[in-house]
Amino acid sequence: MTTRVRFAPSPTGYLHIGGARTALYNFLYAKASGGTFILRIEDTDLERSNAEYEKLQIDDLKWLGINHDEGPDKPNPKYAPYRQSERAEIYQKFALELIDKGLAYYDFCSEEELEEMKEKATREGRPPHYEGKWKNPAFNEEALSRLARGEKPAIRFRAPNKAYVLNDKVKGRVVYPENMVGDFVIVRSNGLPVYNFCCVVDDHLMDITHVIRGEDHLSNTVRQLMIYEALNAKVPEFAHVSLLIGHDRQKLSKRHGATSVNLYRNENYLPEAMCNYLTLLGWSHPKEIDIFDKHELFEVFDLERFSASPAMYDLEKLKWVNGQHIKKMQNEEIIKLVNDLPGNEFFKSQSHEWKNASVEIIKQQVHFLTDFPKMIHEMITNDHLEMTDTLLDILNWETTPKIISFLHEEVSKWNTPFITEGQLNIWMEQVKKELGVKGKPLFMGVRAALTGRDHGPELKFLIPLTPVNVIKKRLDQLKK
RNA sequence: GCUCCCAUCGUCUAGCCCGGUCUAGGACAUCGCCUUUUCACGGCGGUAACAGGGGUUCGAAUCCCCUUGGGAGUACCA
């Protein structure tokens, strides 16, 4: 039997970092085991679900390169549909079957009655389990007649009073003691089924073999085990991955800042870097390496190397990972991406040769794609002089004004758009011989004169990339 | 409250299942040095952890128990 795994988000918001991580783990496991990765939309909560969010989440997954083999947009007729809201009859049928078998029953209790029962139980120190009259089979007939009259009951599952054991791939052996949960609702009175029920029905019908999901579902799993049993369905393997937490060690949520994938997408983080970092939050590579592409994991990913404890989401390491991926990228690829960045007209207008040369030096020292335009502006196109103390100091050296005068004259004679490295060397020689300047005063003086800065990449790389008219403007200002 | 889960450097983690090879390894961050005209990158090095207490054992980060701390669940949410 081939492996079938699924990611089952609720379209109630943007794709969350934690969701992306779960999706990624499922995707990787499918790839590693030659299986199928399925996207299922859990939209039974009509009030909170929204078709727009479904689309946005799928977009974000696609951006991350987490591609599903089956889903609402790629249906396999054998398993479709993939939206729970479109599977109502299926759940209805299964629920009715459970009622027939006496494993579930209609519950006509009102919200108030339920609330009251719960309060009473808590007051008396009992677990707040359902104890309403409809649990009693003696009321079956009354239930049927009220149903015939058009009343709308919920359907409640009769929770067996016994212990359950789960052999979780991450948590190990988990024992749910008997009486841990009471009878729970599987179909609401409005006819819509509830998560714990449809999840099992779907996983069963879709032949899901491994359920990889967040640890927040671990307690709920006992309910699902009960339903698998009632349905006489094969129980899949479970892997409950630990949660992502914020700096306060609480479950990661909106108040921790940027927790939606689209935020990182908008800031031009590399999707491959995001995946890389997310993978590391709870899973470790057998060779202990920490920079890799998804496809490099297809061979080695497994369920055995998950950490059981929660992981703190930390931007610092993500920043570093992103930088590492930039260094790994081909210049051509970077050029394409940088070209599309906003506010980047200068870069776009340059020759391919120029782009390649600038990318080559800049990629060595940045962490983000957006640093490219920033660096280009800062080092190359900006003709505004920033008078730092260090720069002022350099300008006050007795040799510097001589260098400025000399270069001012030389550069003004220059009329091609760029200065060549060869020409720069000639000038350096001339300054050295004719003006008698060498060492630090030479390099810093020339740097100050040509760049108007006290820092930057090596001059021999930088100057051939800088337009002559920018250099001229800088020299004009310095001359005064 | 009850139930379940978790516990190694500030952070992510290796090691734990199959006790000795661990004076606990790697990575991020941090600090120092080297390289560089400067910054960055890079290289080298440093600081830094087995939550506490009991067992079991010749020997425990590794096995068991308790305590403490953290997390999740306890819905006609997912």
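Chain naming here is simple, since letters A, B, ... match the order of the sequence lines and numbering starts at 1 in each. Computed from heavy atoms alone, side chains included, the values below leave out hydrogens, waters and symmetry copies. Note that the structure is predicted; figures quoted are calculated from it, not measured.
A:Glu316 comes within 4.0 angstrom of sugar-phosphate atoms only, judged by non-hydrogen atoms across all strands, and of no base. Residue-level contact check: A:Pro127 touches neither bases nor backbone, having no heavy atom under 4.0 Å from any strand. Counting non-hydrogen atoms under 4.0 angstrom, A:His247 reaches nothing in the nucleic acid. Across all strands, A:Leu114 comes closer than 4.0 Å to base atoms (heavy-atom distances). As judged by a 4.0 angstrom heavy-atom cut-off over every strand, A:Val175 is placed among residues touching the sugar-phosphate backbone only. No engagement by A:Arg453 is indicated, since no non-hydrogen atom pair under 4.0 Å with the nucleic acid exists. Nucleic acid contact for A:Thr44: sugar-phosphate only, since backbone atoms but no base atoms lie under 4.0 Å from a heavy atom of the residue. A:Ser189 comes within 4.0 angstrom of a base, heavy atoms only. No contact: A:Gly323 has no heavy atom under 4.0 Å from any strand. Residue contacts shown for A:Arg249 are limited to sugar-phosphate atoms, with no base heavy atom under 4.0 Å away. Residue A:Lys118 is classed as a sugar-phosphate contact, given heavy-atom separations below 4.0 Å to backbone atoms only. Base engagement by A:Cys109 is indicated by at least one non-hydrogen atom pair under 4.0 Å involving a base atom. As judged by a 4.0 angstrom heavy-atom cut-off over every strand, A:Met444 is placed among the base-contacting residues. Counting any heavy atom pair closer than 4.0 Å across all strands shown, A:Lys319 reaches no nucleic acid atom.
Seen from the ring of A:Tyr164, A:Lys162 counts as a face-on cation partner, given the 6.0 Å and 45° thresholds. The cationic group of A:Arg223 lies under 6.0 Å from the six-membered ring centre of A:Phe184 and within 45° of the ring axis, placing it in a cation-pi geometry.
In this structure, CG of A:Leu280 is placed 12 Å from C1' of B:A14, rounded to the nearest angstrom. The separation between A:Arg40 atom CZ and B:A78 atom P is 12 Å, rounded to whole Å.
Base pairing analysis places B:U3 opposite B:A72; the two distances defining the Watson-Crick or G-U wobble pair are each below 3.5 Å. Summarising the base pairing, B:A61 is matched to no nucleotide, lacking a Watson-Crick or G-U wobble pair whose two defining distances lie under 3.5 Å. B:C77 is unpaired under the criterion used here, namely a Watson-Crick or G-U wobble arrangement in which both key atom distances are under 3.5 Å. Taking a pair to require two hydrogen-bonding distances under 3.5 Å in either a Watson-Crick or a G-U wobble arrangement, B:A14 remains unpaired. As the counterpart of B:A48, no nucleotide is assigned, since no Watson-Crick or G-U wobble pattern has both distances under 3.5 Å.
Taking only distance into account, the side chain of A:Asn220 meets the base of B:A78 through a donor-acceptor pair shorter than 3.5 Å. Applying the 3.5 Å distance criterion, the base of B:C6 shares no donor-acceptor pair with the side chain of A:Ser242. With hydrogens and angles ignored, no donor-acceptor pair closer than 3.5 Å exists between the side chain of A:Lys251 and the base of B:A72. Not a single donor-acceptor contact under 3.5 angstrom links the side-chain atoms of A:Gln250 to the base of B:G71.
Out of B:C77, B:C28, B:C6, the shortest distance to the side chain of A:Val194 is found at B:C77. Here the nucleotide nearest the side chain of A:Asp216, chosen from B:C76, B:U13, B:G73, is B:G73.
Applying the salt bridge (Lys or Arg N to Asp or Glu O under 4.0 Å) rule to pairs touching residues 125-136 of chain A yields A:Glu124-A:Arg126, A:Lys133-A:Glu142, A:Lys135-A:Asp183, sequence neighbours excluded.
Using cut-offs of 30° and 60° on the angle between ring planes, the pair A:His285 and A:Trp283 is perpendicular.
Distance alone, capped at 3.5 Å, places no donor-acceptor pair between the A:Asp107 side chain and the A:Arg156 backbone. When atom types are taken as modelled, the side chain of A:Ser49 and the backbone of A:Leu46 share no donor-acceptor pair closer than 3.5 angstrom. Judged by distance alone, with hydrogens and angles left aside, the side-chain atoms of A:Gln57 form a donor-acceptor pair with the main-chain N or O of A:Gly13 at under 3.5 Å.
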